[in-house]
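Data block below; observations after.
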Amino acid sequence: MTTGKIVGLVVVLAIGFAFFAGIGSYNGLVDSEERVAQSWANVETTYQRRSDLIPNLVNTVQGAADFEQETLEAVTNARARATGINLDVSDLSDPARVQEFMAAQEGLSGALGRLLVVSENYPQLRATEAFRDLQSQLEGTENRIAVARRDYNEAVTTYNQRVRRFPGSIVAGITGFDRRTPFEAQPGSEKAPVVDFGS
């Protein structure tokens with residue numbers, strides 16, 4: 001075999017290796033992006049579950065005589081803001097959109113927390129089965145939200161690593177895979193509980 005044929009064979013092998021490595025990187029990016037999309041769908045589902053519970057909670061609380069109307073309106077308005085922001089998977093590469101979504105959800109968590117704290121002043125309300133049931137469902141939903149957010153952040157971390165690491169970074173740049181934005185704790189959130197379900 002001549003030197004020219006050996007060089008040609010090496011070049012062909014190198015191109016073939018690069019081609020199959022590129023396919024492997026692309027498929028890995030697709031798989032990771034799908035996991036991010038699934039995790040995001042789970043996040044939205046859990047937030048939607050919480051939003052669906054709120055009208056029942058507000059109706060139950062309205063049944064209590066003289067319950068603070070301002071607190072109820074704050075919850076209703078916060079729910080409207082939170083449900084008014086919808087993100088699809090392509091929006092997850094825009095930190096400003098994700099921040100807007102997170103701020104609306106945090107606002108709703110804060111309004112719910114205030115409502116439950118105020119409900120402490122209404123023992124008859126807290127004694128009703130409907131209120132206790134809604135509290136229990138909200139507590140379970142808050143736990144589901146925490147798990148869904150954690151799973152989403154794990155999926156985003158894996159995806160972003162694939163986008164940034166070589167040779168995936170080259171394939172991601174050529175094929176248009178952008179980094180996704182994980183959830184981040186709001187400033188000061190480590191000091192205040194989101195919702196107090198203590199009773």
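The figures here come from the full heavy-atom set of this structure, side chains too, leaving out hydrogens, waters and symmetry mates. Numbering starts at 1 and runs along the sequence shown. Everything numeric here is computed off the predicted structure, so don't read it as measured data.
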Do the side chain of Asn77 and the main chain of Glu73 share a donor and acceptor less than 3.5 angstrom apart? yes
Any residue meeting side-chain contact (heavy atoms from CB on, under 4.5 Å) with Asn56, in chain and number order, not counting sequence neighbours: Leu134
Donor-acceptor pair, distance only, cut-off 3.5 Å: does the side chain of Asn160 make one with the backbone of Arg180? yes
N/O donor-acceptor pair under 3.5 Å between Arg81 side chain and Gln105 backbone: no
Taking every non-hydrogen atom, the tightest pair across Gln62 and Leu72: CG-CD1, 3.4 Å
Straight-line distance of Arg97 CZ to Leu87 CG, nearest 0.5 Å: 5.0 Å
Shortest non-hydrogen pair, Ser51 vs Thr83, comes out as OG-CG2, 3.4 Å
Using side-chain heavy atoms (C-beta onward) and a distance below 4.5 Å, is Tyr26 in contact with Val30? yes
Under a single-linkage definition using a 4.5 Å side-chain heavy-atom cutoff for Ile, Leu, Val, Met, Phe, Trp and Tyr, are Ile145 and Ile85 assigned to the same hydrophobic cluster? yes
Check whether any side-chain heavy atom of Thr2 sits under 4.5 Å from a side-chain heavy atom of Ile6, and report yes or no. no
Closest non-hydrogen contact found for Val98 with Pro182 is CG1-O, 4.5 Å
Side chains of Asp88 and Asp91: does their closest heavy-atom pair fall under 4.5 Å? yes
Are Tyr122 and Phe131, when compared by the centres of their aromatic rings, separated by less than 6.0 Å? no
So, taking the atom named CG in Asp52 and the one named OG1 in Thr45, what distance separates them when rounded to the nearest 0.5 Å? 10.5 Å
To the nearest 0.5 angstrom, please state how far the CG atom of Leu57 sits from the CG atom of Leu138. 6.0 Å
Side-chain donor-acceptor pair under 3.5 Å between Thr71 and Arg114, yes or no? no
Side chains of Glu139 and Asn143: do they bring a donor and an acceptor to under 3.5 Å? no
Does the Ser93 side chain pair with the main chain of Ser90, one donor and one acceptor, at a distance under 3.5 Å? yes
Identify the heavy atoms of Ala82 and Leu108 that sit nearest to each other, and give their distance. CB-CD2, 4.0 Å
Kindly compute the distance separating CD (Gln161) from CZ (Arg179), expressed to the nearest 0.5 Å. 10.0 Å
Does Glu142 reach the side chain of Thr46, with side-chain heavy atoms less than 4.5 Å apart? no
Shortest non-hydrogen contact between Val58 and Val75, atoms and distance: CG2-CG1, 4.2 Å
Would you say Ile170 and Phe17 are hydrophobically clustered, going by side-chain heavy atoms of ILVMFWY under 4.5 Å? no
Quick one: side-chain contact (heavy atoms from CB on, under 4.5 Å) partners of Arg150, sequence neighbours excluded? Val147, Glu154
Same apolar cluster: Phe166 and Ile174, side chain cutoff 4.5 Å: yes
Do the rings of Phe183 and Trp40 sit parallel, tilted or perpendicular, given the 30° and 60° boundaries? parallel
Straight-line distance of Arg50 CZ to Arg144 CZ, nearest 0.5 Å: 13.5 Å
Do any N or O atoms from the side chain of Ser136 and from the backbone of Arg132 form a donor-acceptor pair under 3.5 angstrom? no
Which heavy atom of Gly168 sits nearest to which heavy atom of Leu29, and what is that distance? O-CD1, 4.0 Å
Side chains of Tyr152 and Val36, heavy atoms from C-beta outward: is any pair under 4.5 Å? yes
Using side-chain heavy atoms (C-beta onward) and a distance below 4.5 Å, is Thr60 in contact with Leu125? yes
What is the distance from atom CZ of Phe101 to atom OG1 of Thr181, rounded to the nearest 0.5 Å? 13.0 Å
Salt-bridge contact Glu33-Arg162 (side-chain N to carboxylate O under 4.0 Å): no
Would a distance-only check, ignoring hydrogens and angles, find a side-chain to backbone donor-acceptor pair under 3.5 Å from Ser169 to Val163? no
Determine whether Arg149 and Glu106 satisfy the following criterion, salt bridge (Lys or Arg N to Asp or Glu O under 4.0 Å), listing intermediate values before the conclusion. CA-CA 13 Å; Arg149 287 174 55 146; Glu106 292 294 327; 3.5 Å; yes
